[in-house]
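Here the structure comes first, spelled out in structure tokens, and everything after it is commentary.
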Amino acid sequence: MNLTLFIGNKAYSSWSARPWLLMTALGLPFTEKVTPLYEEGSSEKMRAVAPTAKVPVLVADGFAIWDSLAIVEYLHEKFPQKNVWPAQAEKRARARSLCAEMHAGFQALRQACPTNFRREPRATPLDLDAAARDNLARIDAIFAAAEGPFLFGDYSAADAYFTPIASRIATYRLPLSEPARATCDALLAHPAYAAWRAGALKESWTIERWENL
């Protein structure tokens, strides 16, 4: 099967990172195509690939799948031997629940801490408002409940989904409990994340409003 993953800037596109990290971690061969975010003509380029005109998009033998959750489910169906989701039914359902929660939630924390995979950690922790602190408390509970080293033991889609928030936690020096910190560190130590961040560091594109917090 010929797989092409259309992504945005590796420095900023957390949604692009999720399927890229998963496919890389599970050893699924694919070609990546980068369309920089918010540049003139970017939407038109992506609209030629998928009707949403947004990244990420996976094209499999000419068939386009958009939205990261749909991409993950497609990979699960096409590559059952790769353990995209945990093997045990209850764990699989919980992993899907967590991914859906991430997909739809944590808006306050997202807005307070914009994604920037290439940025070095701040000198001091970023002050959060009450809503963002509530989001962080929920992340702490999820990470603290991990089976170790990853959320469900072995690496799965859930880990790919939560790696961008782990990166935010590190970048903005947000506090975590010790059990949650161990999970956060494991996500950021994975070779797939190291490869994604290395790509981000090589990029020349800059979006200033995401560089100065």
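The structure displayed is predicted, hence computed values, not measured ones.
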Could you tell me whether the side chains of [X] and [Y] share a donor-acceptor contact shorter than 3.5 Å?
| X | Y | result |
| --- | --- | --- |
| T24 | Y193 | no |
| H103 | D67 | yes |
| T115 | R168 | yes |

With rounding to the nearest 0.5 angstrom, report the [atom1] to [atom2] distance, [X] to [Y].
| X | Y | atom1 | atom2 | value |
| --- | --- | --- | --- | --- |
| I65 | K78 | CD1 | NZ | 9.0 Å |
| C113 | R122 | SG | CZ | 8.5 Å |
| W85 | E73 | CH2 | CD | 5.5 Å |
| Y74 | F63 | OH | CZ | 7.0 Å |
| W66 | L58 | CH2 | CG | 12.0 Å |
| R197 | T163 | CZ | OG1 | 13.5 Å |

Less than 4.5 Å apart, side chain to side chain, heavy atoms only: is that true for [X] and [Y]?
| X | Y | result |
| --- | --- | --- |
| L75 | K82 | no |
| P164 | W196 | no |
| Y12 | F117 | no |
| M46 | V55 | yes |
| L151 | T183 | yes |
| L26 | N83 | no |

Query - side-chain contact (heavy atoms from CB on, under 4.5 Å) against E32, all qualifying residues, sequence neighbours excluded - result: I7, K10, W20, F30, V34
Distance-only, no hydrogens or angles: does the [X] side chain make a donor-acceptor pair with backbone N or O of [Y] under 3.5 Å?
| X | Y | result |
| --- | --- | --- |
| R119 | T171 | no |
| D61 | N2 | yes |
| R92 | A87 | yes |
| S43 | A53 | no |
| D159 | S156 | yes |
| Q88 | E90 | yes |
| N135 | L109 | yes |
| D140 | L176 | no |
| R173 | T124 | no |
| S13 | N9 | no |

**Report entry** Intermediate values then yes/no, side chain to side chain contact (heavy atoms under 4.5 Å, CB included), R181 and F143
**Finding:** CA-CA 8 Å; R181 180 67 61 185; F143 283 6; over 6 Å; no
Report task. Decide side chain to side chain contact (heavy atoms under 4.5 Å, CB included) for W205 and L37; before the verdict, give the C-alpha distance in whole Å, the side-chain angles of both, and the deciding distance to 0.1 Å. Result -> CA-CA 9 Å; W205 306 294; L37 302 174; over 6 Å; no
Requested in this report: Using ring pair (Phe, Tyr, Trp, His ring centres under 6.0 Å) as the criterion, list what pairs up with Y155, not counting sequence neighbours.
Outcome: F150, H190
Query raised in the report: Can you name the side chain to side chain donor-acceptor pair (under 3.5 Å) partners of E147, sequence neighbours left out?
Result: K91
Query raised in the report: Among S14, P19, C99, which one satisfies side-chain contact (heavy atoms from CB on, under 4.5 Å) with S68?
Result: P19
Query - Audit row: L98, M102, side chain to side chain contact (heavy atoms under 4.5 Å, CB included) steps and yes/no - result: CA-CA 6 Å; L98 289 178; M102 174 55 68; over 6 Å; no
Requested in this report: Give a yes or no on this: more than 12 heavy atoms of other residues, nucleotides or ligands lie within 6.0 Å of atom CG of D154.
Outcome: no
Query - Aromatic Y161 / basic R18 pairing, under 6.0 angstrom, 45° off normal - result: yes
Report task. Begin with the C-alpha distance, continue with both residues' side-chain angles, and end with the deciding distance and a verdict on side chain to side chain contact (heavy atoms under 4.5 Å, CB included) for T206 and R118. Result -> CA-CA 11 Å; T206 300; R118 68 181 170 213; 3.5 Å; yes
